[in-house]
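Working notes, beginning with the structure itself.
The sequence lines fix the lettering, A, B, ..., with proteins before strands; numbering per chain opens at 1.
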Number of protein chains: 2
Amino acid sequence: MLDIVRQDNEEPSTGAGRVFTFFRDRLLSGELKAGDRLLGERELALALGVSRPVLREALRSLAMLGLLDIRHGRGAYVRSADASVLGQALTLCLAPEPNILDDVLQARIAIECQAIRLACLRASERDLQAIAALLDTLVDSLDDPERGGGTDYAFHLAIVRASGSGALMKIYEAISPLLMRSHVERRRDTFREPAITSGLVDAHRQVFLALAERNPDEAERRLREHFAIGDGLRRNNLISTYQRQGMDT
Amino acid sequence: MLDIVRQDNEEPSTGAGRVFTFFRDRLLSGELKAGDRLLGERELALALGVSRPVLREALRSLAMLGLLDIRHGRGAYVRSADASVLGQALTLCLAPEPNILDDVLQARIAIECQAIRLACLRASERDLQAIAALLDTLVDSLDDPERGGGTDYAFHLAIVRASGSGALMKIYEAISPLLMRSHVERRRDTFREPAITSGLVDAHRQVFLALAERNPDEAERRLREHFAIGDGLRRNNLISTYQRQGMDT
DNA sequence: ATCATAGAGTGGTCAGACCACGGACTGACC
DNA sequence: GGTCAGTCCGTGGTCTGACCACTCTATGAT
């Protein structure tokens, strides 16, 4: 029943595995901090009692996981925790799944709705100001789809950041790459007509107002509404696109 | 602004990096499926034009990421996508964060609330039956804290599964290890008194009933209530513990 | 003072060899 | 004929030692 949760307490049988967990644990315990420089490969291999190839396998693995930054001629440095690795891992895990692009939207809604509830409780004045500023930027960048899309994302990200929850933030960043792919894939179907975009700004403003009033239920409600409308629009556009195709035939 | 989302399109300068992305892309495109067996290291090295150590660095990295299952004397096999890697990555990413254990609960609430909404729309009869069965098991295992905890987790997991969202499911599995740590750490403070446990069962039943009635708003409301009560209990227990400590002093 | 150059230190790569493990084949024995 | 043990081969695991390529720095000449 709880297989999923089982921690691998098994001692890795292979040397590279041992070295890997050695460094991973130091990283977890904070004994190794971001920016620290590791010893040279030859010295490290000697110190850990393994050969250089074995050490390199472990180091390379840590680098691929984004935990290390190894640079030719300079050395290996501990990298700050980066959500991009998480994003890659998530992408890999979700790859075999069907409808990932649509499905990841559900995760987005989940994170944001909880984030805005927390934000209503914990957002600082600076957080609110930042979000308000992005709202202005959103209005300014209505005519530029590229910039507008970026601002849109930044607005939502700012809300998650205002939640003060590192976990929500990291997960949100992790699904961002997939979110972007979904966004790009969908851009073919969506058209930024004035009626749509003005409604978009208004929806964002409503969400922000509820947040500024520190009203969690209302904020979540409006956010869900915003997502639902976006979903409806996409559906309609899709339908009209098919209809157009039908007429062309 | 969108740095986070930037995909690394840069060609890896190192040989191991090239081999790594080579296999990663095959994995992503589905060209390599779970269960497939890779060629031997010597043949692969020859085929890809790199030396065996370099190839091994790449393979080992893929194995550390959980994408490959390399077994001594047998060979390297493609592993099915596994959320445990995600969990590890998440743990690593969140390690430097303060209050992770509490914070990850926020992520849990986020996922579950959205999941139960979806479940109200998409849960099959089998899903509902499975959840109902777990509810019964929960009642049966009231006196066994260990088994009760497991059933509790299984109940919530079943709800997420009933949402039919792979993304939510994977993320939920990913935070499970941290959730467990949080649970264990807290078990010192919580006591399974009859009054508490009976209330617990009732809360679960209420959630299930709303789900069975396919009422998203009510289901989410009851779920949030359930979490809030648990939170309150923890707080009270913590306080009483401190008070006891104060009396002991 | 500035710049070019040489050296040292570091990661990147390679070749070849040997060890350890797992499975399959083969043979003897029951 | 069936079963079991032993052997062999293919596989990953490890090691050594060497050489290449990159980066920085110190040294020297201009």
Please pick, from C/dT10, C/dG12, C/dT13, the nucleotide with the shortest atom-to-atom distance to any side-chain atom of B/Ser51. C/dT13

For B/Ser124, does its backbone N or O pair with a side-chain atom of B/Asp127 as donor and acceptor, under 3.5 Å? yes

From C/dT13, C/dG12, D/dC15, pick the nucleotide closest to the side chain of A/Val50? D/dC15

Comparing A/Pro53 with A/Gly73, nearest DNA chain D nucleotide closer to 5' gives the residue A/Pro53

Go through the steps to decide whether B/Glu41 and B/Leu44 satisfy the test side-chain contact (heavy atoms from CB on, under 4.5 Å), and finish with yes or no. CA-CA 5 Å; B/Glu41 294 187 350; B/Leu44 265 185; 5.7 Å; no

Assuming nearest nucleotide by heavy-atom distance, tell me which of B/Glu57 and B/Arg52 is located more 5' along DNA chain C. B/Glu57

B/Arg74 side-chain N/O to D/dG10 phosphate OP1/OP2 under 4.0 Å: no

May I ask you to verify if any side-chain N or O of B/Thr14 is less than 4.0 angstrom from the OP1 or OP2 atom of C/dG11? no

Options D/dG13, C/dG11, D/dT11, nucleotide nearest the side-chain atoms of A/His72: C/dG11

In whole angstroms, how far is the P atom of D/dC9 from the CZ atom of B/Arg42? 15 Å

Test log, rule side-chain contact (heavy atoms from CB on, under 4.5 Å), inputs A/Arg181 and A/Leu101: CA-CA 7 Å; A/Arg181 271 177 52 189; A/Leu101 281 320; 3.9 Å; yes

On a heavy-atom basis, the closest approach of B/Gly87 and B/Pro177 is CA-CG, 4.4 Å

Which of D/dG13, D/dC15, C/dG11 is nearest the side chain of B/Arg56? It is D/dG13

Ignoring backbone atoms, establish whether B/Arg71 has a side-chain N or O less than 4.0 Å from OP1 or OP2 of C/dG23. no

Spell out yes or no: do the side chain of B/Arg60 and the base of D/dG13 have one donor N/O and one acceptor N/O closer than 3.5 Å? no

Where the side chain of A/Val54 is concerned, which of D/dT14, C/dG11, C/dT13 is the nearest nucleotide? D/dT14

